[in-house]
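Single-structure report; data block below.
The chains referred to below are lettered A, B, ... by the order of the sequence lines, with proteins before strands, and numbering in each begins at 1. Note that the coordinates shown come from a computational prediction; the quantities given were computed from them, not determined experimentally.
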Protein chains: 2
Amino acid sequence: MGPLDTYLPYLLNRAGTRIATAFGEEVRPLGATLQIWRVLAALHERDGRRMGDLAQTTSIEMSTLTRLVDSMEKKDLVARRRDPEDARVVVLHAATAGRRLTQRLLPIAERYEKVALQGIGPKEAEQLKAALRRLYANMDGLANPRKGRG
Amino acid sequence: MGPLDTYLPYLLNRAGTRIATAFGEEVRPLGATLQIWRVLAALHERDGRRMGDLAQTTSIEMSTLTRLVDSMEKKDLVARRRDPEDARVVVLHAATAGRRLTQRLLPIAERYEKVALQGIGPKEAEQLKAALRRLYANMDGLANPRKGRG
DNA sequence: TCAAGATATTTGTAAATGCAAATAAATGAT
DNA sequence: ATCATTTATTTGCATTTACAAATATCTTGA
């Protein structure tokens with residue numbers, strides 16, 4: 001067997017953790033976190049999403065998301081509304097401070113993208129992204145996901 | 001801005017988390033965890049490492065590692081020894097049950113490698129790994145690492 | 001309309017994790 | 001030999017996070 005850093009799962013998790021931590025520290029001064037960014041980014045892409053949808057697209061667990069949204073509501077980053085069509089559903093909208101914060105986070109996200117990919121070349125970068133999507137999908141059948149089909 | 005899953009940090013963290021979780025569940029029946037595997041793999045590569053070295057190569061935080069090693073010692077997976085040269089130093093050795101467990105984990109790690117990389121091709125896989133190492137290194141200067149130069 | 005079952009979200013609780021302070025031992029200066 | 005400084009590891013504590021149970025609402029069928 002080779003050293004630990006020939007193993008893909010290790011490399012992947014290590015890189016993923018570090019970039020997440022680094023990004024998190026970068027945005028802390030703005031009062032944001034990685035998770036907050038994900039929610040705002042998702043709402044920026046499409047506003048008025050339901051909680052379940054958000055949990056799915058941000059990969060944040062539902063119970064975690066609930067508490068996160070609690071705190072984001074207090075800061076006027078987002079607003080919960082009941083869906084009039086179906087009162088079980090809560091839809092989330094970006095609020096004033098939330099939209100402002102999003103505008104400040106976007107350039108940081110772009111910059112991180114660049115820094116992370118230094119010396120990797122645009123073509124390879126696309127391949128990397130494609131591989132990561134593929135890899136995520138490959139894990140679908142295996143363990144963990146209490147999604148799909150229990 | 002595009003959807004969240006065009007952002008590298010998101011893709012990376014998402015994939016890294018999922019593969020870690022899946023692997024963790026896979027090895028749980030054997031009484032192992034992802035972290036345990038990392039320590040054992042590191043010791044398999046080179047036995048008798050000091051704690052600081054292990055923390056470095058496994059990307060496990062020192063305080064976390066201490067507690068992890070406590071529990072691994074109880075299971076006879078590893079043994080702590082004081083370095084006679086410098087009594088501040090603790091060196092870690094794989095113990096009997098640890099070596100046995102390592103042998104059982106190795107094929108699982110190999111298999112995970114294969115599953116994760118389904119449809120990705122050996123050449124692209126190598127590029128992916130190289131990119132992940134590079135990317136990890138790229139993050140070095142940025143935030144987070146309380147390493148390097150304080 | 002009411003009960004039964006399905007779906008969406010929230011709360012309770014315990015485990016994992018990291019930072020900072022504390023401990024232990026070595027090294028160097030007086 | 002003793003004190004101050006440095007290095008290595010461990011413990012205290014607060015935060016984060018996930019799983020599971022609880023709650024709320026909707027839908028369907030009698």
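Taking the six-membered ring for Trp and thresholds of 30 and 60 degrees, B/Phe23 and B/Tyr112 have ring planes more than 60 degrees apart, a perpendicular arrangement.
When the P atom of D/dA8 is taken as reference, atom CZ of B/Arg49 falls 16 Å away, rounded to whole Å. Rounding to whole angstrom units, CE of residue B/Met62 and C1' of D/dT10 are separated by 8 Å. For the pair B/Arg18 CZ and D/dA18 P, the interatomic distance rounds to 13 Å; values are reported in whole Å. As rounded to whole Å, 14 Å separates atom P of D/dA8 from atom CG of B/Leu54.
Under 4.0 angstrom from either OP1 or OP2 of C/dT9 there lies no side-chain N or O belonging to A/Arg50.
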One pair to check against side-chain contact (heavy atoms from CB on, under 4.5 Å): A/Met72 and A/Ile36. What are the steps and the verdict? CA-CA 8 Å; A/Met72 290 178 73; A/Ile36 288 180; 3.9 Å; yes

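Between the side chains of A/Arg18 and B/Asn13, no donor N or O sits under 3.5 Å from an acceptor N or O. Side-chain atoms of B/Ser59 and A/Tyr10 include a donor-acceptor pair closer than 3.5 Å.
Comparing C/dT17, D/dG12, D/dT17 by their nearest atom to the side chain of A/Gln35 picks out D/dT17. Side-chain atoms of B/Ser63 lie closest to C/dG18 of the nucleotides C/dT10, D/dT9, C/dG18. Considering only the side chain of B/Thr64, C/dT17 comes nearest among C/dT17, C/dT10, C/dA20.
Nearest heavy-atom pair across A/Leu4 and B/Ala41 is CD1-CB, 3.6 Å. Taking both residues in full, the closest heavy atoms of A/Gln35 and A/Thr64 are given as NE2-CG2, 4.4 Å, listed atom of the first, atom of the second, then distance.
When each of B/Arg49, B/Arg38, B/Glu45, B/Arg46 is paired with B/Thr57, the side-chain hydrogen bond (donor to acceptor under 3.5 Å, both in side chains) condition holds for B/Arg49 and for no other.
Mapped onto DNA chain C by nearest heavy atom, A/Val89 and A/Thr17 fall at different nucleotides, with A/Val89 at the one closer to the 5' end.
The stretch residues 117-130 of chain A participates, sequence neighbours left out, in these side chain to side chain donor-acceptor pair (under 3.5 Å) pairs: A/Glu113-A/Lys129.
Residues of residues 66-88 of chain B that place a heavy atom closer than 4.0 Å to DNA chain D, in numerical order, are B/Thr66, B/Arg67, B/Arg80, B/Arg88.
Helix-axis bend for the helix from C/dT1-D/dA30 to C/dT30-D/dA1: the local axis fitted to the five terminal pairs at one end deviates from that at the other end by 10°, rounded to 10°.
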